[in-house]
Amino acid sequence: MIRLYDYVLSASCYKIRLMAALLCVKLEHEAVDFHPGRAHKSAAFAQLNPAGTLPVLVDGDLILTESTAMLVYLAQLSGRDWLGPCDPKSAAQVQHWLAFSGRLAASLGMARLHDMLLYEGDIDAWRAQGHAALRELEAALSERRFAGGVWLVGDAPSIADIACFPNVALSQDGGVSLDAYPSVRLWTRAIRALDRFVEMPGIHRLHELRPAPEVA
Amino acid sequence: MIAPEVMNEWYPVAMAAQICAGQRRVTQLLGQPITVHVQDGVIVVTGQAGPLHVTEAFGHVWACPGTPAHPLFPIPEALETGRRLVDVGVVRVKCSPLRAVENFLDIAHFPFVHTDVLGAEPHTEVNRYEVQIREDSDEVWATKVTFYQPQAAKSAEGGIVTQYMYRVPAPTAAVLYKTCPARPDAWDVIGIFVQPLSEELCDVWPWMALYDDATPQAELIAFQQMIFLQDRSILENQIPRLLPLDPGMEIPTQADLTSIAYRRWLKKRGLTYGAQMVAA
Amino acid sequence: MTQRWTATGLSQDLPKAVAMAGHWQGHDLAVWRSASGRLQAWNDRCPHRGMRLSHGFVRGETLACIYHGWVYGADGGCKHIPAHPALTPPATIRVAAFACVEQDGVIWVAPAETVGAPVALRGLQPLRSISLTCDVVAVRLAEPALSGDDVLRGLVQIGGQACEVCLLVQHGASGLTLHALCAVGADRIAASRWLEDLRRRAERKGAA
């Protein structure tokens, strides 16, 4: 069984939980006391991941410490439907968004850790970089919509969407509103409406997907 | 000027274990800068005008910026043998400290905010429960609270009707007692200790005293953080940010009896830091 | 009276059964479209506990608050309180409604009693809404072909061709939102890139 070293409030860990749920891959979860215990910085954890970051995914002798690599691994294992189209242009675009997701984590993700868990740093710079990234995402998704598309690459959701989704959907946790990004909002809704989608704290259930219960 | 009634209360300002481990916490209390650290083997809290009254309880450091009107409230269950005491860690929320407490006292939001964990449609009904302000301790209590929950605790399997009691022993602290899945004869105890940084910003310290020998510590912490972080996006989007004590500003129902009593109690005692008296 | 109407979004960005945040001159609004397509703009505050209704969810012809699930019907009246399923909510529990119309692919809002219609924008198609951190003066400086205050119009060069554009100005706390339209038949991808470029130039002017 694939084991995920996991923290419930981590956007990167959620990426993997979400991908696994969408792919119907069952994971064994090992909760790590990231906050307040800082167990990811302990000597014991360093044996697993010297960088002291979460998530960590272990499958047999394979140990992955980068969340985008984990997305690729899970998608490869599960019939390749989520890897995106394999023509050269699309494959490169998928790689673009996987790398871009790192910028989201370094901006919106850090703003969130600052506002929520008291991480120290330049909050104004993190938010400004977050807005800059959201502007790029909004422009790209708007162009996709003009061409009749919904997803970042191709006609179906892919690891590109899943890589970028968590830090965007959680941006308000770090004081960055999505009000100014309508195409981004509609794209996050499309992901939240996927079959087998799972939430994390900060992303509410789309209650509208189920009918109102009968009033007795 | 902050009212003496507010200044003379106790407020949580740090997790004791972190301070004892040598951390120095530079923070704020009621809008004023304070520092929490160990000096000559004891925990001290220093403000601009000098040291504050300090006490340590339930895993946290508590400070009183004025002259304490009374000792810090007790949680007798914290002393019971066999309970696991869990410090959940701080979470910052951009809201009134009073709104954070009031949300903790509310059950009607479970199906919509803690969906499939603490509540789920169609089980949305809040049955009548009892609320009183206890004369002897001057605390708000809600008893005989029941609610259907799909997964009430980390150790719970499947849905159960959970029983609750709620208690407000201090303006920015609340304690709940709920059905303990492992021990039907006892209550699990969960506290929320709120540090008012300002009237519209707070640091929240959830804390637990549970009968649960099986669940790893990291999972207990993760469960409680999950629950509280589901509330955070609600708390940061209530308008106005201050808690309205004017009865005309918000419309409660019978399900909100605890909240109504809490607001009355705050008003009667002049504990209006983080509150709005008249509709804007 | 037409100046009371403010553009708060584009129709294409509010599909059926979705709610979003809108604004009218500093008032926060919940703008939502029912399952049948009916558009409404309400005060963005649930009367129960003050939660923003723009975070709520649409079921059928109703909008429900995300906090406690209170359900509001087409007239803004509370129809159902989940904590008390058998209760008929008193008629006094009501969300204030603003006037809200959809015209030329633009969502316009105004105070409830507003009469008259928003400015007509014939021959134009909706493009995008974008936010800027500068003021209208900087936008006109960046693109002298544009004129106007609340409605910026002009003939600009997009992809080497002259194209009519119209930017509907919405003032916010931290800058501007421009709801952009361009000539019917224009290449919207090229127009979107022009708009991005305009924003960069205007914000540089605004910062100078």
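Here is how names work: the chains are called A, B, and so on, in the same order as the sequence lines, proteins then strands, and each is numbered from 1.
- Q254(B) contributes atom CD, which lies 9.0 Å from atom CG of L87(C) (distance to the nearest 0.5 angstrom).
- When the heavy atoms of residues 225-237 of chain B are compared with those of chain C, the residues falling under 4.5 Å are S233(B), I234(B), N237(B), listed by number.
- Heavy atoms closer than 4.5 Å to chain B are found in the side chain of I81(C), but not in its backbone.
- If you tally non-hydrogen atom pairs under 4.5 Å between each of V113(B), L243(B), D256(B) and chain C, the highest count goes to D256(B).
- Proximity to chain B involves both the backbone and the side chain of R49(C), based on heavy atoms less than 4.5 angstrom apart.
- A 4.5 Å side-chain heavy-atom check between R45(C) and E250(B) finds at least one atom pair inside the cut-off.
- Other residues, nucleotides and ligands contribute more than 12 heavy atoms inside 6.0 Å of the CZ atom of R153(C).
- Applying the 6.0 Å contact sphere to CZ of R264(B) captures no more than 12 heavy atoms from other residues, nucleotides or ligands.
- In this structure, chain C has heavy atoms under 4.5 Å from both the backbone and the side chain of P240(B).
- The two residues P82(C) and T124(B) have their closest heavy-atom pair at O-OG1, 2.8 Å.
- In this structure, no portion of N127(B) lies under 4.5 Å from any heavy atom of chain C.
- At a 4.5 Å heavy-atom cutoff, the contact between E121(B) and chain C is made by side-chain atoms alone.
- Contacts of H48(C) with chain B are made by both backbone and side-chain atoms, with heavy-atom separations under 4.5 Å.
- Ring planes of F112(B) and F57(C): parallel class, angle under 30° (limits at 30 and 60°).
- Taking all atoms of both residues into account, the shortest heavy-atom contact from H84(C) to T253(B) is NE2-OG1, 2.9 Å.
- Most heavy-atom pairs under 4.5 Å with chain C, from the set H123(B), R263(B), R99(B): that is R263(B).
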